[in-house]
Trainee: 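Okay, handing you the structure first.
Bear in mind the structure is a predicted one, so any value in this text is a computation, not a measurement. Start at 1 and go down the list; that is how both ligands and their atoms are numbered. Numbering of residues begins at 1 and proceeds along the displayed sequence.
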Amino acid sequence: MNDDVLEKYIRAGSITKDAREYAAANVRAGGSALELVDAVEGLIRSKGAECAFPVNIGVNEVAAHYTPSKSTDIRFSEGDVVKIDIGAHVDGYPGDTAVTVEVGTKNHAPLIRAAETALEMCMQMMAPGTTVSAMGEAIERAISSAGFKPIKNLTGHSMERYNLHAGMSVSNVKNRDRSALKEGMVVAIEPFSTTGVGKVDGGSRGGIYRVMRDRRAPPEITTFFSRLQSSFGGFPFAARWCEDLHPNASSLLPRMVRMGMIISYPILVEVGMGLVAQAEHSVIVTQEGCTVLTR
Ligand code: CO
């Protein structure tokens with residue numbers, strides 16, 4: 001990796017970290033999720049980066065892939081376990097980080113700490129040659145020994161320019177995957193701990209989309225599609241970001257999903273309706289070990 005690319009990853013990581021800290025400090029009972037994500041995404045842009053995906057807000061048993069819109073906004077309540085997952089990119093080079101906060105209470109501190117400890121355990125062992133299997137085992141052991149379950153069908157992921165899932169998936173449980181880290185890889189590690197059964201399933205649509213493929217379509221759709229492609233590339237985007245790109249965006253998006261031109265992510269909910277906590281950092285693998293980009 002050349003210095004220019006490294007510098008962009010470092011800047012993206014640092015801006016993502018600032019956004020995470022701002023978000024964690026501004027979740028409060030009665031607060032609107034939409035107001036929070038608008039502020040966080042505004043902060044990312046004000047620092048000269050772009051969002052690598054819409055800010056995800058996961059409350060209690062919701063693990064991932066919900067972002068608020070005007071029509072689907074929620075308000076936080078005292079005692080909620082709130083995950084905030086944030087991505088920013090500089091010239092396509094992404095940073096990805098997440099934090100869990102409990103609104104006004106401390107009843108679930110051990111659940112939150114389990115995810116954070118698992119993340120630390122994993123990062124401590126990351127170096128060229130560390131296998132996916134070994135990382136999953138470390139995460140699983142940390143969460144299980146705290147008395148919770150890791151979510152087995154959510155994973156960390158290697159990242160590249162304009163690509164959040166660049167090939168390597170880092171399981172949150174031990175598996176048979178012997179693929180190993182290499183120097184220069186950038187990887188987001190994201191353990192999820194739960195009081196439930198340790199699995200998520202897709203439910204209703206969460207307002208997050210991604211461009212898939214161009215298709216023959218009416219001119220209105222073709223024009224909108226190329227704007228989506230040039231604005232977001234391979235990164236996920238929110239319906240609420242599209243108002244400026246096309247006046248009929250809200251009706252075109254579902255049509256384009258049906259045509260296979262874009263996909264819409266389902267909201268991921270813990271199957272046993274358990275509470276879910278998450279911790280996440282983006283890490284670059286170095287010659288000796290790793291450097292955390294979002295600390
Ligand atoms: Co991630």
Trainee: Looking at side-chain heavy atoms only, is the closest gap between Ile189 and Glu280 below 4.5 Å?
Mentor: no
Trainee: Taking side chain as C-beta onward, heavy atoms only, is Phe237 less than 4.5 Å from Cys242?
Mentor: yes
Trainee: Going by heavy atoms in the side chains, are Arg295 and Met123 under 4.5 Å from each other?
Mentor: yes
Trainee: Do any N or O atoms from the side chain of Glu140 and from the backbone of Pro150 form a donor-acceptor pair under 3.5 angstrom?
Mentor: no
Trainee: Side-chain contact, heavy-atom cut-off 4.5 Å: Leu119 with His281?
Mentor: yes
Trainee: What protein atoms of element N, O or S are positioned under 2.8 Å from the Co ion (ligand 1)?
Mentor: Asp96 OD2, His157 NE2, Glu190 OE2, Glu280 OE2
Trainee: Is it true that Asp85 and Arg20 make a salt bridge, defined as a side-chain N closer than 4.0 Å to a carboxylate O?
Mentor: no
